[in-house]
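Step one of this worksheet: look at the structure below.
A, B, ... follow the sequence lines: proteins, then strands. Residue 1 opens every chain. Computed from a predicted structure; not experimentally measured.
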Amino acid sequence: MFSFELLLDAVVLGVMLGCFYAAVSIGLSVSFGLLDVPHVAHPAFLVLGAYGAYALNQAGWDPIVAGIVLTPLFYVLGVVAYRVYFETFEKRGSDAGVRGLAFFFGVTFIVEVGIIMVFGVDQRTVQAGYIGKAIDIGDVRIPMRMIAAFGGALALTLALTAYFSLTFSGRAIRAVAQDEIALRLMGANPLKVKQLAFGIATAVVAVAGALLIIVGPVEPTTHRVYIGRTFCVVVLAGLGSMHGTLVAGIVLGVVESIVLTLYGASWAPAISFAMLLVVLAIRPQGMFGR
Amino acid sequence: MSMRRHGFWIGALCVLALAYGLTLAIRNEYAFFAGFIILQFIVLATAWNILGGYAGYVNFGTSAFFGIGVYTAIFLFKALGAPLLVQMAGAAVMGALLGFVTGLLTLRLHGIFFSIATVAMTIILETLVINWKYVGGATGIQVLRPPVTEPFDSYIKMLFVIGVALVIVAVALSRHVQGSWIGRGLRAIRDDETAAECTGVPTLRLKLLACSISGALMCAAGAPSAMYLQFADTTSAFNLNYSVSALAMSLIGGTSHWAGPVLGAIVLGVTQQALTVTISSELNVLVLGVMLILFVVGAPEGLLGLLRKGWARLARGGGS
Amino acid sequence: MSAPLLRVAGLSKRFGGFTALDDVSVDVAQGERFGLIGPNGSGKTTLINCVSGALRNDGGTILFAGEEISRLPAFVRTRRGIARSFQIPRPFKSMTVLENLLVAIDFGRAGHGLSADATEDEAIGILGTMGLKDKARILSSQLSQVELRKMELARAMAAKPKLLISDEAMAGLSGSEIDEVLDLLIRLNEAGITIIMIEHIMHAVMRFSQRVMCLDAGRIIAQGVPQAVMDDRRVQEAYLGA
Ligand SMILES: Nc1ncnc2c1ncn2[C@@H]1O[C@H](COP(=O)(O)OP(=O)(O)OP(=O)(O)O)[C@@H](O)[C@H]1O
Ligand SMILES: [Mg+2]
């Protein structure tokens with residue numbers, strides 16, 4: 001029953017899926033990995049992005065275009081969320097751990113319920129010319145939607161990696177993660193830099209959310225499995241490592257894809273969580289940890 | 001001192017007697033049907049607070065414990081025909097074990113890592129149960145209630161009184177932990193774990209103890225659910241709602257005192273029940289989320305803190 | 001000479017690629033007043049973190065009262081008799097000063113067995129010797145820096161240690177306050193407690209210590225009677241270079 005071809009299929013699909021996982025995780029890699037914000041609402045924002053793309057798609061827009069159009073809105077959302085978090089927890093510094101976590105957990109929950117109230121509990125999908133078709137490369141059959149997501153994910157991840165290593169503000173964000181005082185001495189305002197970073201991390205989530213709904217149907221509770229996937233990728237990568245995020249995403253994608261082929265879809269949600277637990281137990285600093 | 005200790009137990013007995021009296025006095029079963037849910041939330045919030053409030057370890061996995069409680073009860077019922085109290089005791093033992101094991105796996109992690117690990121545990125356990133056909137798997141399982149036992153005249157009323165008894169056990173445990181050396185150690189851990197360890201606090205052991213007590217109570221709270229609904233499926237047994245509610249009710253009530261979660265669960269539980277009936281069940285969970293954020297941002301000490309402040313102001317006003 | 005209370009042998013500690021302690025060996029005798037000096041970043045705090053168990057050493061051994069302790073968790077070491085204060089005070093912020101001490105009394109000692117009321121009296125007694133008696137019921141988060149440092153020492157004392165390690169307990173204190181803390185430490189020592197004092201304030205180290213060790217970049221560069229260590233050329237260079 002199990003053949004080499006099936007395995008090859010699984011690996012190829014896994015790599016594509018992995019790039020997609022990297023794209024949905026890269027925002028978290030900034031907000032949690034670099035800025036140390038306990039951003040458990042990241043997956044909920046992701047699903048929010050997916051529903052945003054769905055709504056615009058209903059009006060005839062291409063989902064990826066919709067995702068890009070939504071980025072300014074998400075940027076503002078990120079800035080506001082960070083501002084509230086900073087003013088109430090980071091600045092006062094009191095008991096920030098428990099309450100900061102509870103804050104983002106509450107946000108998660110509100111987003112989920114809000115989506116249910118607006119869109120209902122049913123699964124949603126998007127329409128586009130490339131969705132539903134498939135192409136054959138050799139013996140491997142690849143759905144077009146995976147290719148679209150793969151391309152978008154790769155572009156997104158590479159763009160963000162380039163931003164952080166090449167531009168001035170990108171480097172300032174990396175600097176603030178490492179040495180806030182030094183940055184302050186250079187005359188930059190760490191709060192502004194962090195706010196910018198969190199905004200960008202959230203803006204990126206709009207596009208990632210569009211990719212999410214291209215890959216498959218989305219429902220209001222989809223964010224729950226993505227808590228596992230995104231945190232698994234970010235922790236496995238090593239907090240704040242951008243190229244690590246890509247590698248970790250691919251590792252997760254391939255593992256998931258192979259387990260899926262071998263044991264069936266009902267085990268899929270547990271894989272990323274199990275991997276996350278193993279990584280936390282064995283190598284909490286991840287593959288490319290600082 | 002001993003007067004106060006006895007006072008608590010006398011009060012507890014009164015509450016229990018009152019609960020039984022209510023089952024005799026009120027004919028309408030709906031009140032007990034709704035009341036049972038609130039009792040369940042009191043137990044969950046109280047249990048959550050033992051680890052989350054006293055020790056500062058934010059558990060997102062209440063629903064995992066709850067769900068395992070539900071399915072332990074179902075397994076015991078289906079395999080052995082065990083009566084309800086045995087199901088609950090079995091669930092409590094299972095919960096303590098589960099708390100201990102997950103504690104061993106996750107309590108070396110701090111802050112968000114611990115919290116995410118508890119989410120991981122929830123999803124993994126849910127996935128296991130989904131793939132476990134004996135207890136119904138993904139489709140769920142129907143449960144036939146046995147006939148009600150004396151001195152009760154309806155099953156729901158019996159569940160209600162058992163719920164009250166469980167609340168008393170939970171509050172007594174929480175109160176004992178808070179007032180004893182265990183609670184002092186847990187607070188030291190919450191304030192500064194390294195300093196606690198260097199002051200002689202066996203941090204891992206205490207956290208494991210707290211996690212086991214908490215887990216046992218959560219599982220015990222889940223156990224009667226199957227009989228209550230006469231049905232169970234993984235989606236509702238492992239529902240994220242339980243995690244959010246336990247956490248929100250504790251934080252909204254106030255985490256530093258055992259009465260906080262009780263107060264939070266009563267206030268929020270009653271509000272939710274009222275909203276579910278009058279408007280919609282989505283709205284009531286939304287209210288929970290919004291209240292959680294408002295309190296976390298604006299009233300870090302919770303309702304108890306607000307009451308204390310109001311009381312102090314009154315006292316000062318009266319003095320001048 | 002009898003066996004030392006604390007014997008550190010060949011101790012090393014690395015953070016990533018950085019070596020914070022390199023082959024450190026030292027004996028501290030029962031009842032001794034031992035001074036530990038060295039420029040900033042030389043590894044003093046790291047050394048006592050390894051001894052108290054807040055950090056795990058990478059190599060070497062730590063013997064306390066003749067027994068190997070370097071693999072024991074910190075709380076066991078505290079119960080065996082090693083108490084410390086922190087360079088940056090680490091109070092239990094949500095507790096009163098009294099409760100801070102009660103944690104140490106409840107948990108830090110070899111055996112339990114005192115009744116609740118007795119422990120409270122005892123804690124008040126310890127606070128009395130530190131001049132903190134009237135602060136007993138105040139939240140520790142409301143103390144001044146000086147009071148916090150005293151409370152840290154009081155909390156360490158409440159664990160009834162055999163060895164007390166004080167990490168810069170005098171930083172930021174005025175002249176008379178320094179003398180106050182110094183007298184206190186000397187009194188504790190006279191009561192039989194071995195004391196390791198980390199300090200940058202040289203006249204305090206000179207007055208207090210019977211023996212001094214100087215670390216530089218994770219290595220011991222001098223060890224001996226205070227005056228000899230001060231006069232050591234390498235010690236002077238280390239401090240001038242820093
Ligand atoms: N947890 C850690 N992770 C990485 N590096 C550390 C850590 N703790 C200490 N170091 C490094 O080890 C070196 C020694 O630090 P340590 O705190 O022991 O110095 P110290 O002698 O106590 O200095 P000071 O007089 O300033 O207190 C320093 O370079 C410090 O940056
Ligand atoms: Mg130091």
Give the member of F104(A), F105(A), F103(A) that has the highest number of heavy-atom pairs under 4.5 Å with chain B. F105(A)

Any side-chain heavy-atom pair of [X] and [Y] under 4.5 Å:
X       : Y       : value
F273(A) : T127(B) : no
V40(A)  : F60(B)  : yes
L240(B) : E112(A) : yes

What part of [X] is in contact with chain A, defined as an atom under 4.5 angstrom from a non-hydrogen atom: side chain, backbone, both or neither?
X       : result
L125(B) : neither
A248(B) : neither
V119(B) : both
I124(B) : both
L292(B) : side chain

Rounded to the nearest 0.5 Å, the OG atom of S243(B) sits from the CZ atom of R224(A) at a distance of 8.5 Å

Identify which part of [X] has an atom lying under 4.5 Å from any heavy atom of chain B, answering side chain, backbone, both or neither.
X       : result
L280(A) : both
V121(A) : neither
I110(A) : both
A281(A) : neither

Who pairs with E219(A) by side-chain contact (heavy atoms from CB on, under 4.5 Å), at least two apart in sequence or on another chain?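 E219(A): side-chain contact (heavy atoms from CB on, under 4.5 Å) contacts with Y51(A), Q123(A), T221(A), T222(A).
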
Applying side-chain contact (heavy atoms from CB on, under 4.5 Å), name anything that partners I271(A), two or more places apart in sequence or on another chain.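 By the side-chain contact (heavy atoms from CB on, under 4.5 Å) rule, I271(A) matches V255(A), E256(A), V259(A).
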
Sort out for me which of D191(B), V244(B), I130(B), V58(B) touches chain A most, counting heavy-atom pairs under 4.5 Å.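 Option with the greatest count: V244(B).
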
Among N131(B), I116(B), L251(B), L247(B), who wins on heavy-atom pairs under 4.5 Å with chain A? N131(B)

What do you reckon, are the aromatic ring centroids of F113(B) and F32(A) less than 6.0 Å apart?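 Judged by ring-centre distance (under 6.0 Å), F113(B) and F32(A) do meet the cut-off.
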
For residues A102(A) and V296(B), report the shortest heavy-atom separation together with the two atoms involved.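 It is CB-CG2, 3.9 Å.
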
Qualifying residue, where the test is side chain to side chain contact (heavy atoms under 4.5 Å, CB included) with F109(A) and the options are N241(B), I293(B), L286(B), V290(B): N241(B)

If you count heavy atoms of other groups shown closer than 6.0 angstrom to OH of Y263(A), is the number above 12?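 No.
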
